[in-house]
Amino acid sequence: MGGEWILRAILAVCLKLWQRCGPRDRVSLGPGTGFFLHCPYTLEEAYEVADAIARGDLANLRDELGDLLLQVVFHARMAQEQSAFEFGDVVQAITEKLIRRHPHVFGDVRGLSTGAVNAQWDRIKDEEKARKASTGADNSSDQGALSGVPIGLPALTRALKLQQKAGKVGFDWNDPLAVLAKIREEADEIEAAIKLGQSSDAAAEVGDLLFAVVNLGRHLDADPEAVLRGTNQKFMRRFAFIERALSARGRTPEQSTLAEMDALWNEAKAAEK
């Protein structure tokens with residue numbers, strides 16, 4: 001089937017759903033309210049897309065991408081109800097942005113290195129940001145060096161992006177070992193707070209520790225979300241080994257000691273090497 005026909009079909013189906021949906025899903029609840037109602041669903045669908053990719057399930061990925069597309073169409077429809085923009089405007093905006101930010105593909109610029117392409121991308125984004133600010137099109141109240149990082153991002157990803165922006169203006173270490181020293185400093189502060197019985201202070205210091213760990217990952221070119229997802233999978237895999245081993249002995253984790261499970265953990269770890 002042709003791409004244009006498919007888009008017309010999904011827009012028609014979503015319009016009918018929109019016209020017949022209950023008042024709780026309509027923008028009539030108040031300016032912008034419908035966007036907030038659908039926002040959790042949009043995030044959920046995006047994570048389900050990521051989950052299908054991580055599992056290598058292409059059939060499920062097809063379905064989840066469709067669910068995510070539905071959210072895009074619904075948000076555009078809500079905006080249309082407010083005479084803000086339509087789905088076609090969304091498509092036009094991203095098309096124009098892609099062309100504008102890739103002059104080495106769609107323009108006369110040729111033969112750029114990867115570093116030059118990245119620098120060009122940043123320069124074009126900065127020019128777009130400055131243009132929005134000068135015309136009043138940017139509604140953000142903060143126009144500082146760290147502006148433009150969405151608050152709704154996962155905390156680890158937002159920390160990474162904030163650090164990247166700070167690094168671009170020179171607020172950064174140039175040695176990962178210096179970051180590692182900062183991690184040790186934060187861990188010592190947590191230990192001191194725990195010994196003093198200051199649990200709230202210790203919890204706040206954990207945030208500082210996580211921020212420093214993200215920074216170390218950045219200096220090692222490791223995406224914090226990606227490496228933590230890998231560690232989560234590793235933890236699940238090794239714990240499943242423990243459960244299978246205990247089941248073979250007619251036991252459950254609840255019926256076992258920590259020392260016994262720790263020994264099995266080491267067996268699982270050794271088996272992966």
Side-chain angles (χ1 to χ4, degrees), residues 40-65 67-68 152-164 173 175-195 197-273:
Y41 302 121
T42 306
L43 291 173
E44 180 181 343
E45 298 301 348
Y47 280 121
E48 289 181 356
V49 166
D51 177 68
I53 292 172
R55 292 184 289 102
D57 189 340
L58 295 183
N60 185 234
L61 176 61
R62 176 200 61 204
D63 293 341
E64 297 301 344
L65 286 171
D67 292 342
L68 185 58
L153 285 175
L156 292 179
T157 298
R158 189 162 193 261
L160 175 64
K161 291 185 176 295
L162 289 172
Q163 292 167 6
Q164 289 171 335
W173 282 290
D175 181 4
L177 291 178
V179 186
L180 191 59
K182 182 64 176 177
I183 290 174
R184 294 193 178 101
E185 175 188 324
E186 298 295 352
D188 289 341
E189 291 177 0
I190 293 172
E191 182 180 3
I194 291 174
K195 287 180 177 179
Q198 300 170 339
S199 58
S200 60
D201 290 346
E205 294 296 345
V206 168
D208 294 343
L209 176 61
L210 289 172
F211 194 84
V213 170
V214 170
N215 208 1
L216 178 61
R218 181 173 65 90
H219 279 79
L220 299 176
D221 294 323
D223 177 81
E225 289 285 343
V227 295
L228 186 55
R229 278 196 298 269
T231 297
N232 288 340
Q233 290 299 110
K234 179 168 59 180
F235 180 85
M236 292 179 63
R237 187 171 62 248
R238 291 179 181 176
F239 195 81
F241 177 94
I242 293 174
E243 289 179 311
R244 289 194 301 271
L246 289 174
S247 178
R249 302 173 187 178
R251 311 258 295 284
T252 65
E254 294 85 354
Q255 298 167 332
S256 307
T257 64
L258 177 58
E260 185 178 11
M261 288 191 285
D262 196 43
L264 289 171
W265 176 275
N266 290 332
E267 286 184 29
K269 185 176 179 179
E272 293 179 354
K273 293 182 178 178

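Taking 4.0 Å as the cut-off between side-chain N and carboxylate O, Arg55 and Asp51 count as a salt-bridged pair.
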Side chain to side chain contact (heavy atoms under 4.5 Å, CB included), that's the test. Do Glu64 and Ile53 meet it? Break it down for me.
CA-CA 10 Å; Glu64 297 301 344; Ile53 292 172; over 6 Å; no
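Considering only residues two or more places apart in sequence or on other chains, Val227 meets the side chain to side chain contact (heavy atoms under 4.5 Å, CB included) condition with Ala222. Residues meeting the salt bridge (charged side-chain N to carboxylate O under 4.0 Å, His left out) test with Arg158, sequence neighbours left out: none. Under the side chain to side chain contact (heavy atoms under 4.5 Å, CB included) criterion, Leu58 pairs with Leu61, not counting sequence neighbours. With sequence neighbours left out, the side chain to side chain contact (heavy atoms under 4.5 Å, CB included) criterion links Ser199 to no other residue. In this view, Asp67 satisfies the side chain to side chain donor-acceptor pair (under 3.5 Å) rule with no residue, not counting sequence neighbours. Partners of Phe239 according to the ring-ring contact (aromatic ring centres under 6.0 Å, His included) rule, which considers only residues two or more places apart in sequence or in another chain, do not exist here. In terms of the side chain to side chain donor-acceptor pair (under 3.5 Å) criterion, residue partners of Thr252 (sequence neighbours excluded) are, by chain and number, Glu254, Gln255. In terms of the side chain to side chain donor-acceptor pair (under 3.5 Å) criterion, Ser256 has no residue partners (sequence neighbours excluded). Contacts of Asp208 classified as side chain to side chain contact (heavy atoms under 4.5 Å, CB included), with partners at least two apart in sequence or in another chain: Glu186, Glu205.
Rounding to the nearest 0.5 Å places CG of Leu156 at 6.0 Å from CG of Leu228. In this structure, the separation between CD on Glu189 and CD on Glu185 is 5.0 Å, given to the nearest 0.5 Å. The NE2 atom of His219 lies 8.0 Å from the CG atom of Asp175; values are rounded to the nearest 0.5 Å. Taking CZ from Phe211 and CD1 from Ile183, the interatomic distance works out to 12.0 Å, rounded to the nearest 0.5 Å. Between the CG atom in Leu68 and the OH atom in Tyr47 there is a gap of 12.5 Å [rounded to 0.5 Å].
Within the structure, salt bridge (charged side-chain N to carboxylate O under 4.0 Å, His left out) pairs that include any residue of residues 210-219 comprise Asp172-Arg218 (at least two apart or interchain). Within the structure, side chain to side chain donor-acceptor pair (under 3.5 Å) contacts touching residues 234-245 (residues at least two apart or in different chains) are Arg237-Glu272, Arg238-Glu272. Legend: salt bridge (charged side-chain N to carboxylate O under 4.0 Å, His left out) pairs involving residues 255-264, not counting sequence neighbours, sorted by first then second residue: Arg249-Glu260, Arg251-Glu260.
Contact of the Lys182 side chain with the Asn215 side chain is not registered, since no non-hydrogen atoms from C-beta on lie closer than 4.5 Å. Taking 4.5 Å as the limit, every side-chain heavy atom of Thr157 sits out of range of all side-chain heavy atoms of Pro224.
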